[in-house]
Amino acid sequence: MAEGLEEMEAQDSRPVYVEQLDQHVGEEVLIQGWLFNKRSSGRIRFVIVRDGTGLVQGVVTPDADPETFELAERLPQESSLRLWGTVRADPRAPGGYELAVRKIEPVHIPKQPFPIGLKEHGVGFLMDHRHLWIRMRKQVPLLRVRDSVLWAIRQFFRERGFVATEAPILVGTAVEGTTTLFPLDYFDRTAYLSQSGQLYLEATCMALGKVYWIGPVFRAEKSKTRKHLTEFWMAEAEVAFLEHEGNLTLQEDLVRYIVEFVAEDRKRELELLERDTEALLSEVREPFARITYAEAVEIVRGHGVEMEHGDDFGAPAEDALGAHFGRPVFVERFPARIKPFYMKRAPDDPGVVLCADLIAPEGYGEIVGGSQRVDTEEELLAQLEEYGLPREPYEWYIDLRRYGSVPHSGFGLGVERTVAWIAGVKHIRETIPFPRMLDRLEP
RNA sequence: UCCCCGGUAGCUCAAUUGGCAGAGCAGCCGGCUGUUAACCGGCGGGUUGGAGGUUCGAGUCCUCCCCGGGGAGCCA
């Protein structure tokens with residue numbers, strides 16, 4: 001009977017989310033969420049409730065029923081609850097709206113204190129409690145920014161007629177010989193977790209024309225930096241009949257689209273993250289800079305960073321480039337021997353390849369890497385040999401150059417680095433719900 | 001793999017030259033009718049990461065190990 005009454009009551013006020021409260025001023029609503037914090041001043045009590053879309057302050061006075069008044073004092077942090085109250089605008093309330101609470105109904109009351117308080121914590125402790133940390137103040141808006149970045153990517157490609165497709169995660173061979181792969185037992189042989197879907201997208205674009213996919217990739221490098229995870233997400237695209245210049249334009253259009261979309265779509269979240277969105281937008285307003293590898297080396301040296309022509313860019317070099325331009329910069333035409341076997345040589349200079357890395361400003365490093373691909377069997381066989389790679393596992397890939405081969409190009413965008421740049425967070429471990437890093441496999 | 005820093009209460013940190021292990025927060029008890037990481041008073045809370053060594057005496061010095069953080073390299 002008592003249960004029946006509660007259900008009736010719940011039906012009286014439709015549940016609404018905190019982000020919709022401005023549409024319900026003056027109405028009684030039902031909020032379903034968790035107790036984020038509470039404050040009390042004796043005869044007036046404040047409960048701050050979060051529901052995934054935002055935080056709202058509930059005001060509890062002795063006018064509410066005695067049980068509710070008592071709950072407002074007693075409920076511990078992260079109690080789950082239903083809360084009925086009338087929405088009103090009040091400048092004293094965080095967010096501008098608050099609830100005059102009529103009733104609180106606990107759903108679950110924790111028996112022990114929530115490990116993560118509102119005061120500061122160390123990174124190690126927070127990472128050990130990542131499953132709970134994601135509920136907290138900065139993490140919720142950050143994960144909502146991530147959602148928006150992924151949504152923007154899908155929307156961009158769909159608007160342009162790309163077909164969303166998939167590449168396998170389990171693969172039998174390395175895509176690029178250099179990077180370390182995670183091996184695993186696959187019946188009686190060794191399989192690996194894919195480090196890139198690119199080779200497969202090259203095949204798929206010959207079927208579908210323009211393709212993209214967004215998925216996890218894996219790198220067994222023992223990197224310990226703020227820019228690296230062992231499992232991260234890439235948005236990769238591959239387009240038949242697209243050549244190098246068009247590839248850069250496509251990447252530039254995509255990156256600008258993502259930034260502009262997210263800046264608007266997650267305006268409130270970026271404010272909570274204290275990201276200066278004007279500064280961010282101004283970085284992508286102008287056309288991106290385009291320089292060659294050779295020019296980049298000179299610029300980097302001009303900033304006092306030592307490097308030889310023929311070296312790949314290290315973190316200090318990337319930072320120097322980002323600082324020099326203050327906006328994204330494409331570095332084109334790398335020396336062939338520091339890039340993978342599948343990139344096409346420049347027709348006017350066989351020492352360099354038709355590739356580009358896109359370096360984000362503000363020290364976020366390379367966020368996109370792409371190239372035009374080798375498109376003749378002769379070139380591909382020659383380059384496999386040059387890189388000392390066996391031909392047999394790549395027979396299917398060589399086949400793509402035997403049956404109606406066309407010029408084609410593509411790229412991969414690092415999702416977490418892009419989110420970090422847009423949100424303005426220093427370490428990419430916070431841009432994914434459960435980061436996988438060296439020595440960090442749990443939770 | 002290499003370099004640097006750290007490990008003290010549930011959490012964040014202090015502890016002077018080697019000399020009685022402390023504070024804030026959290027928890028518990030009490031107070032406060034507009035709080036904003038509220039505030040005020042009280043209470044409980046410790047194998048100082050582990051092993052060994054030096055010493056009258058080690059959180060502090062030495063050796064080894066474990067764990068974490070930051071950075072490099074490599075990469076997106």
Side-chain angles (χ1 to χ4, degrees), chain A residues 36-48 55-63 69 72-74 76-78 90-96 98 100 110-129 133 136-138 175-176 178-181 195-198 216-236 251 307 311-319 338-340 357-360 363-370 411-421 426-429 431-432 437-440:
Chain A
F36 184 74
N37 192 16
K38 62 179 193 280
R39 289 182 279 271
S40 161
S41 185
R43 306 309 293 167
I44 184 166
R45 294 168 185 177
F46 301 90
V47 289
I48 291 81
L55 291 169
V56 66
Q57 167 171 284
V59 185
V60 188
T61 63
D63 299 340
F69 190 65
E73 184 71 20
R74 199 190 79 212
Q77 187 187 357
E78 287 301 310
D90 191 310
R92 291 169 296 186
E98 65 182 17
K111 291 183 177 60
Q112 43 193 315
F114 191 65
I116 304 175
L118 300 176
K119 304 278 177 180
E120 55 192 314
H121 295 281
V123 174
F125 177 83
L126 289 170
M127 286 300 301
D128 288 342
H129 296 82
W133 183 25
M136 303 307 290
R137 203 183 289 279
K138 265 185 71 173
V175 172
E176 310 164 26
T178 53
T179 310
T180 318
L181 295 163
Q195 58 182 317
S196 165
Q198 184 206 312
V217 292
F218 306 86
R219 304 277 164 95
E221 290 289 341
K222 293 196 171 180
S223 302
K224 266 182 67 112
T225 84
R226 74 180 77 146
K227 292 178 203 164
H228 291 85
L229 302 173
T230 53
E231 173 182 322
F232 65 97
W233 284 62
M234 279 224 284
E236 300 189 274
Q251 294 169 41
M307 75 175 286
D311 290 350
D312 209 341
F313 297 107
E318 284 185 353
D319 291 352
I338 56 172
K339 286 294 181 183
D357 287 356
L358 181 63
I359 313 291
Y364 289 97
E366 182 185 348
I367 56 171
V368 186
F411 61 88
L413 173 144
V415 170
E416 287 75 20
R417 287 186 185 177
T418 303
V419 173
W421 169 44
K426 286 296 163 229
H427 202 302
I428 67 169
R429 66 182 157 218
T431 65
I432 185 168
M437 297 177 293
L438 186 68
D439 300 325
R440 189 62 78 170

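Residue numbering restarts at 1 for every chain, and letters A, B, ... go by the order of the sequence lines. Quick caveat, the model's predicted, so the values are computed rather than measured.
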Does the distance from a Lys or Arg side-chain N to an Asp or Glu carboxylate O, for A:Lys339 and A:Asp357, drop under 4.0 Å? yes
Over 60° means perpendicular and under 30° means parallel, so tell me whether A:Phe125 and A:His129 are parallel, tilted or perpendicular. tilted
Does a donor on one side chain and an acceptor on the other come within less than 3.5 Å for A:Glu236 and A:Ser196? yes
Could you give the distance separating B:rG45 and B:rC29 at their C1' atoms, to the nearest angstrom? 15 Å
Please give the distance between the P atoms of B:rC4 and B:rC62 as a whole number of Å. 15 Å
Report yes or no: do A:Gln57 and A:Glu98 form a side-chain donor-acceptor pair below 3.5 Å? yes
In whole angstroms, the gap separating P of B:rA76 from CD of A:Gln251 amounts to 12 Å
With a cut-off of less than 4.0 Å, is there a side-chain N or O of A:Lys222 near OP1 or OP2 of B:rU1? yes
Please confirm whether any donor atom in the side chain of A:Arg39 sits under 3.5 Å from an acceptor in the base of B:rU35, or the reverse. yes
Base of B:rC11, side chain of A:His121 - is there a donor-acceptor contact under 3.5 Å? no
Picking from B:rC74, B:rG73, B:rC32, the nucleotide nearest the side-chain atoms of A:Ser40 would be B:rC32
A:Ser41 (side chain) and B:rC39 (base): donor-acceptor pair under 3.5 Å: no
Is a donor-acceptor contact shorter than 3.5 angstrom present between the side chain of A:Glu98 and the base of B:rG34? yes
Quickly work out the A:Leu118 CG to B:rG24 C1' distance and round it to whole Å. 15 Å
Applying the Watson-Crick and G-U criteria (both distances under 3.5 angstrom) with [ ] for crossing and | for other-strand pairs, one obtains for RNA chain B (((((((..((((.....[..)))).(((((.......))))).....(((((..]....))))))))))))....
If the C1' atom of B:rG69 is compared with that of B:rG24, how far apart are they to the nearest Å? 23 Å
Taking the six-membered ring of A:Phe69 as reference, does the cationic atom of A:Arg45 (NZ for Lys, CZ for Arg) lie under 6.0 Å from its centre and within 45° of its axis? yes
When the distance from CZ of A:Arg74 to P of B:rC28 is rounded to whole Å, what number comes out? 11 Å
Treating primed atoms plus P, OP1 and OP2 as sugar-phosphate and everything else as base, which nucleotides of nucleotides 65-71 of chain B get B, S or - for protein heavy atoms under 4.0 Å? ---SBBB
d(CZ, A:Arg219; P, B:rC74) in whole Å: 14 Å
Base, sugar-phosphate, or nothing for A:Val368, non-hydrogen atoms under 4.0 angstrom? sugar-phosphate
Give a yes or no on whether a salt bridge exists between A:Asp128 and A:Arg440, defined as a side-chain N under 4.0 angstrom from a carboxylate O. yes
Let's test your reading of the model: under 3.5 Å, does the base of B:rC74 pair with the side chain of A:Ser223 as donor and acceptor? yes
Ring pair (Phe, Tyr, Trp, His ring centres under 6.0 Å) involving A:Phe411 - partner list, sequence neighbours excluded: none
